[in-house]
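Remember, it's 1-based here, ligands and their atoms both numbered in the order they're listed.
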Amino acid sequence: MKILTVVGARPNFMKVAPIHKALQKYKKSVTHLICHTGQHYDTNMSEIFFKQLELPVPDYFLGIGSGSHAEQTGRIMIEFEKLLIKENPVLVIVVGDVNSTIACALTAKKLHIKVAHVEAGLRSFDRDMPEEVNRILTDSISDYLFVTEKSGLVNLKNEGIDKGKVFFVGNCMIDSLISILKLTKKTNILKKYELNQNDYIIVTMHRPSNVDSETRLTGLVKLLNSLSVHRKIIFPIHPRTRKNLEGFGLLEKVNENIFLTNPIGYIDFISLLEKSELILTDSGGIQEESTYLGVQCITLRTSTERPSTVDEGTNQLVGGDFKKAGEAVLNVIGGHKKIGTVPAFWDGKAAERICEILASELNY
Ligand code: UD1
């Protein structure tokens, strides 16, 4: 029996690594194939994660690369269809909400191959986000929907999805985080940037709504410059953000005491996050990782598809307003920390639960 799992972009790798590991228990009856669409292709956005997460070299690499949404999604579908016809798996597993997720789910479904969606049910209720469209469409055609947090159960119920297909299993991204924490102790990343524990801010920003317009990006640079008076800042820059900072002539306007780095590998990034005073971000996954680690997180977005990080965790949603974001950061630095708890089932065993459920559903 063949199961084929898709990865495409950076946040997919940490969700698939624990699933691949958990499937090894069934390797006498299941061959697990991994297909990398190549949506992300830079070494620091892709290869380094495979090494650090101990993922095998993918069985297939589609080499799709960048492009408009239609180009990227279309190219993935054309190449993935050829692969499915060749391998004929019983199940395709897709994770998260990137273009590779919907492209491969849709291709599989049209060939009558069952689809499992890991991280189902999350909703920001903002259909201007490409990820929200990907999430809704993928969930609507999936046969097995694996949910990370309680809000997912409510959202899927409200959308009329048959509850027999929905399984509350916890969070595979946290499975990877828990296993990597053994290694983060050994890095010397703080020394490299002359940072002291609990005394610096990390920034990550890559959403189109924050980085694609000159006005927004100028506002962000001004905010960071003003915060850099209070704390050292480290800002690993996503390729989309770097391209726009360069294009708008903003790179040289960033204060010298802000460390601008290329994207950072998983072990060093989690090490930096774990030891930081706070993170300012617009990422989805980082809201969850900071909640698990108990690190203060200020999210520069108007909505989150991960409400448990706000209701239970250490995340604060400040909207798109840079002034409000600055005030929230200064508030945290001033000692007003949010105390959080870890959501249910974020315990390192989500992938094992998924593989057990699939074993009984598919009879392997
Ligand atoms: C994608 C996902 C987003 C996820 C993010 C994580 C979609 C719609 N978006 O956004 O949900 O949070 O990944 O990073 O799937 N580029 C490189 N090297 C790379 C990859 C990209 O230089 O390895 C550049 C390209 O110029 C590209 C741009 O970055 O045009 C954006 O890449 P793309 O995959 O289109 O979207 P992301 O912004 O990374």
Side-chain angles (χ1 to χ4, degrees), residues 6-16 36-51 53 58 61-77 80 94-106 117-120 122-124 126-139 148 173 176 202-213 216-217 220 235-248 261-266 269 279 281-290 297 299-301 303-306 309:
V6 176
V7 291
R10 184 169 60 176
N12 295 162
F13 308 132
M14 35 297 230
K15 291 164 199 165
V16 166
H36 188 332
T37 64
Q39 179 175 345
H40 282 174
Y41 44 85
D42 286 354
T43 306
N44 279 359
M45 296 290 284
S46 177
E47 201 182 314
I48 190 167
F49 288 85
F50 273 76
K51 286 197 185 121
L53 289 160
F61 185 73
L62 304 183
I64 299 303
S66 307
S68 72
H69 284 271
E71 283 166 351
Q72 197 173 52
T73 311
R75 283 204 301 260
I76 296 171
M77 289 183 71
F80 192 59
V94 295
V95 301
D97 55 17
V98 301
N99 286 344
S100 302
T101 309
I102 176 60
C104 294
L106 187 52
H117 184 207
V118 173
E119 205 184 83
L122 296 181
R123 297 290 181 267
S124 66
D126 174 2
R127 291 195 182 196
D128 286 339
M129 287 178 74
E131 296 82 2
E132 181 74 353
V133 178
N134 294 343
R135 286 189 281 260
I136 294 169
L137 297 182
T138 304
D139 283 343
T148 54
M173 195 171 218
S176 277
I202 319 183
V203 177
T204 80
M205 217 52 71
H206 74 280
R207 296 265 154 226
S209 59
N210 278 329
V211 306
D212 280 2
S213 98
R216 295 287 302 155
L217 211 46
L220 178 69
F235 183 5
I237 312 184
H238 186 282
R240 171 192 283 280
T241 312
R242 177 175 290 279
K243 203 165 32 177
N244 292 337
L245 281 169
E246 281 167 0
F248 301 137
T261 73
N262 284 327
I264 294 181
Y266 189 48
F269 185 79
I279 182 150
T281 191
D282 62 4
S283 152
I286 291 172
Q287 297 173 52
E288 296 181 338
E289 289 163 340
S290 53
C297 179
T299 301
L300 244 169
R301 280 176 48 187
S303 60
T304 179
E305 62 287 340
R306 293 159 160 93
T309 62

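- Note that the CZ atom of Arg75 and the OG atom of Ser68 stand 8.0 Å from one another [nearest 0.5 Å].
- When each atom of ligand 1 is checked for a heavy atom of Arg240 under 4.0 Å away, the hits are 29 (O), 36 (O), 38 (O).
- Within the 4.5 Å cutoff, the side chain of Glu305 has no heavy atoms near those of the Glu131 side chain.
- For the pair Thr101 and Glu119, the minimum side-chain heavy-atom distance is 4.5 Å or more.
- Under the 4.5 Å side-chain criterion, counting only non-hydrogen atoms from C-beta, Pro263 is not in contact with Asp42.
- Atom 18 (N) of ligand 1 has as its closest protein heavy atom Asp42 OD2, 3.0 Å.
- For ligand 1 and His206, the ligand atoms under 4.0 Å from any heavy atom of the residue are 4 (C), 5 (C), 6 (C), 12 (O).
- For ligand 1, the atoms lying closer than 4.0 Å to a non-hydrogen atom of Pro239 are 16 (N), 17 (C), 18 (N), 22 (O), 24 (C), 29 (O).
- Close approach of ligand 1 to Arg207 is summarised as follows: ligand atoms under 4.0 Å from at least one heavy atom of the residue are 12 (O).
- Partners of His36 by ring pair (Phe, Tyr, Trp, His ring centres under 6.0 Å), not counting sequence neighbours, listed by chain and number: Phe13, Phe50, Phe61.
- In terms of heavy-atom proximity, Thr148 sits nearest to Leu122 at OG1-CD2, 3.8 Å.
- Counting protein heavy atoms only, atom 35 (O) of ligand 1 is closest to Gln72 NE2, 4.0 Å.
- Atom 25 (C) of ligand 1 has as its closest protein heavy atom Ser66 OG, 3.1 Å.
- Annotation: side chain of Leu106 is not in contact with side chain of Leu137 (no heavy-atom distance under 4.5 Å).
- Annotation: atom 17 (C) of ligand 1 to nearest protein heavy atom, Tyr41 OH, 3.2 Å.
- Contacts between Pro11 and ligand 1 below 4.0 angstrom, taking non-hydrogen atoms only, involve the side chain exclusively.
- For Asn210 (side chain) and Leu300 (main-chain N/O), a donor-acceptor pair under 3.5 Å exists by modelled atom type.
- Of the protein's non-hydrogen atoms, the one nearest atom 7 (C) of ligand 1 is Gln39 NE2, 3.6 Å.
- The nearest protein atom to atom 2 (C) of ligand 1, hydrogens excluded, is given as Val98 CG1, 3.7 Å; this is a heavy-atom distance.
- Identified under the salt bridge (charged side-chain N to carboxylate O under 4.0 Å, His left out) test for residues 94-106, with sequence neighbours left out: Asp97-Arg135.
- The protein non-hydrogen atom at the shortest distance from atom 8 (C) of ligand 1 is Asn99 OD1, 3.3 Å.
- Atoms of ligand 1 found under 4.0 Å from any heavy atom of His69, numbered from 1 in the order shown, are 8 (C).
- Considering Met129, His40, Glu131 only, the shortest heavy-atom separation from atom 21 (C) of ligand 1 involves His40.
- Ranking the protein heavy atoms by distance from atom 26 (O) of ligand 1 puts Lys243 NZ, 2.8 Å first.
- Each of Thr281, Ile279, Thr309 was compared with Ser290 under the side-chain contact (heavy atoms from CB on, under 4.5 Å) criterion, and only Ile279 meets it.
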